[in-house]
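What follows is a single structure, written as structure tokens, with notes after it.
Convention: sequence-line order gives letters A, B, ...; per-chain numbering from 1.
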Number of protein chains: 2
Amino acid sequence: MDGAAPATKDILLETAGELFADAGLDGVSIRAIAKKAKANIAAIHYHFGSKDNLYMEVVRHVMNQIRCTLAGELLTRTEEWRSDPMRCADVVCQLIEERMRQFFPDAHPRWYGRLFMRMLLNPTPALGKLAEEIIVPDLDQVTKVFRLCKPSMTETEARCWTDTLLGQLGHYVFSEQFAQYVPKKNIYDSEFVETVYRHLSRLLLKGLDLPLPESLKDDCFEE
Amino acid sequence: MDGAAPATKDILLETAGELFADAGLDGVSIRAIAKKAKANIAAIHYHFGSKDNLYMEVVRHVMNQIRCTLAGELLTRTEEWRSDPMRCADVVCQLIEERMRQFFPDAHPRWYGRLFMRMLLNPTPALGKLAEEIIVPDLDQVTKVFRLCKPSMTETEARCWTDTLLGQLGHYVFSEQFAQYVPKKNIYDSEFVETVYRHLSRLLLKGLDLPLPESLKDDCFEE
DNA sequence: GTCTATAGGGTGATAGAC
DNA sequence: GTCTATCACCCTATAGAC
């Protein structure tokens, strides 16, 4: 609203986000948020009006930050790739890479993905509307790209591949939260992320009958 | 504890479970549980001691109900299938079917899966220990079966396939909760469940280099 | 914009009658 | 085993001084 807003509001937004991501809307009090942000409880109401509004703003902020827009962009220039299987394969790999950045980020905090998953599990009408504007179109566009890569698929079949991609990545967001209590679980280091990328790429390229790029063939020995 | 316990305790368990599955531990008050179960607030403390204990008992109950034990059983008689690709394919399909019953159940209430996912997102040391005893071994055994089906895989690669299976099914548990606020989302009817089963079967069989059974080939036209 | 003080309501838990 | 009454606590939100 105001042009030169001080940092307090942003600090509150980030702090609240991290806490919400870990414990959910009901699991965090505005007292805890204010304490961690070294701000005052009343400041939250001053800047956001209410706890619910703060949560909504946090979710909106995170949704916009982790948004995946590549599919939409690719659909504006389909003639560049749709008829060439090698380019289709490259397009699919790019989509996987973008989606992985959403959940295994370098650029933004790790808890963004957790908050996103939590938002899915605790929907409200307002959140649903927000998601309908931001997430649903993005996913529909990914599904459309997949269908262009393999036109023989039905809409539902293509959707299954989108769900496979999203499901596996979402699964790791969960597991990471849970892993702290299960000692032997592996850590999500860069090596693991690379393994997941290769797994998803092979899986989708095979499923969409696209050729595997050389870089994915290395350790792909048939039995 | 007592031999001929009346129904009240069980009613409380089921009622609390459904409410916890929808709103989480923090999202439900014991007053709401008592009201819906037509029981008294004090009865909850009498039977379970505390709200946290009630939650633990609910989770333990659900975990035992939706437990997947087929992989463990298959591992006791590997010589019957491991050397025959067709039988390996059958084994994999059986594992998918069992796992789908866990999330798209006919036998038990739909909210079991939701509670399970919520438990993963809100871990506590006690829940972690419980999961370590029940879930982790089951999943390890599934991974072991996959490795026997395709011995050239590393442990981590095999784990990725387990995660693919679990992730996709978990993803639908989420989406179902969220779908009520996103009008155009499809309903999870039996036709959809069948589509998902075929999708996962093809995906895993292809990935594990196993033959596709006739029943999965019908609409599998190559482009 | 920031802070203190406080209102007003919901929470989990318990004591004690039946 | 079940119920009522009640306690002590924590919560969100707001009023008003600075």
Query raised in the report: Going by distance alone, is a donor N or O of one side chain under 3.5 Å from an acceptor N or O of the other, for A:T164 and B:H171?
Result: no
Requested in this report: Using the six-membered ring wherever Trp is involved, compare the ring planes of B:F104 and B:F192 and label them parallel, tilted or perpendicular (cut-offs 30° and 60°).
Outcome: perpendicular
Requested in this report: Apply salt bridge (charged side-chain N to carboxylate O under 4.0 Å, His left out) to A:E97 and list each qualifying residue two or more places apart in sequence or on a separate chain.
Outcome: none
Report task. Determine whether the side chains of B:D90 and B:Q94 contain a donor N or O and an acceptor N or O closer than 3.5 Å. Result -> yes
**Report entry** A:K35 NZ - C:dC3 P separation (whole Å)
**Finding:** 16 Å
Query raised in the report: Is A:T8 near enough to C:dG1 that one of its side-chain N or O atoms lies under 4.0 angstrom from OP1 or OP2?
Result: no
Requested in this report: Specify the separation, in whole Å, of atom CD1 of B:I11 and atom C1' of D:dT2.
Outcome: 14 Å
Report task. Would you mind reading off the distance between A:I33 atom CD1 and D:dC10 atom C1', rounded to a whole angstrom? Result -> 15 Å
Report summary line: To the nearest angstrom, the NZ-P distance between A:K9 and C:dG1 comes to 9 Å
Query raised in the report: A:N40 side chain N/O closer than 4.0 Å to the phosphate oxygens (OP1, OP2) of C:dG1?
Result: no
Identify each atom pair where a protein N or O and an N or O of nucleotides 13-17 of chain C are less than 3.5 Å apart, giving names and distance.
from, atom 1, to, atom 2, distance (Å)
C:dA13, OP2, B:H45, NE2, 2.8
C:dA13, OP2, B:K51, N, 3.0
C:dA13, O5', B:H45, NE2, 3.3

Query - Cation-aromatic face contact A:K9/A:Y46, 6.0 Å, 45 degrees - result: no
Report task. Determine the minimum heavy-atom distance between A:T143 and A:R159, stating which atoms define it. Result -> CG2-N, 3.6 Å
Query raised in the report: In whole angstroms, how far is the P atom of D:dC11 from the CG atom of A:L25?
Result: 13 Å
Requested in this report: Can you tell me the distance, in whole Å, between the CG atom of A:N53 and the P atom of D:dT14?
Outcome: 11 Å
Query raised in the report: Taking OP1 and OP2 of C:dT11, is either one under 4.0 Å from a side-chain nitrogen or oxygen of B:S29?
Result: yes
Query raised in the report: Can you check the A:F48 CZ to C:dT2 C1' distance for me, whole Å?
Result: 15 Å
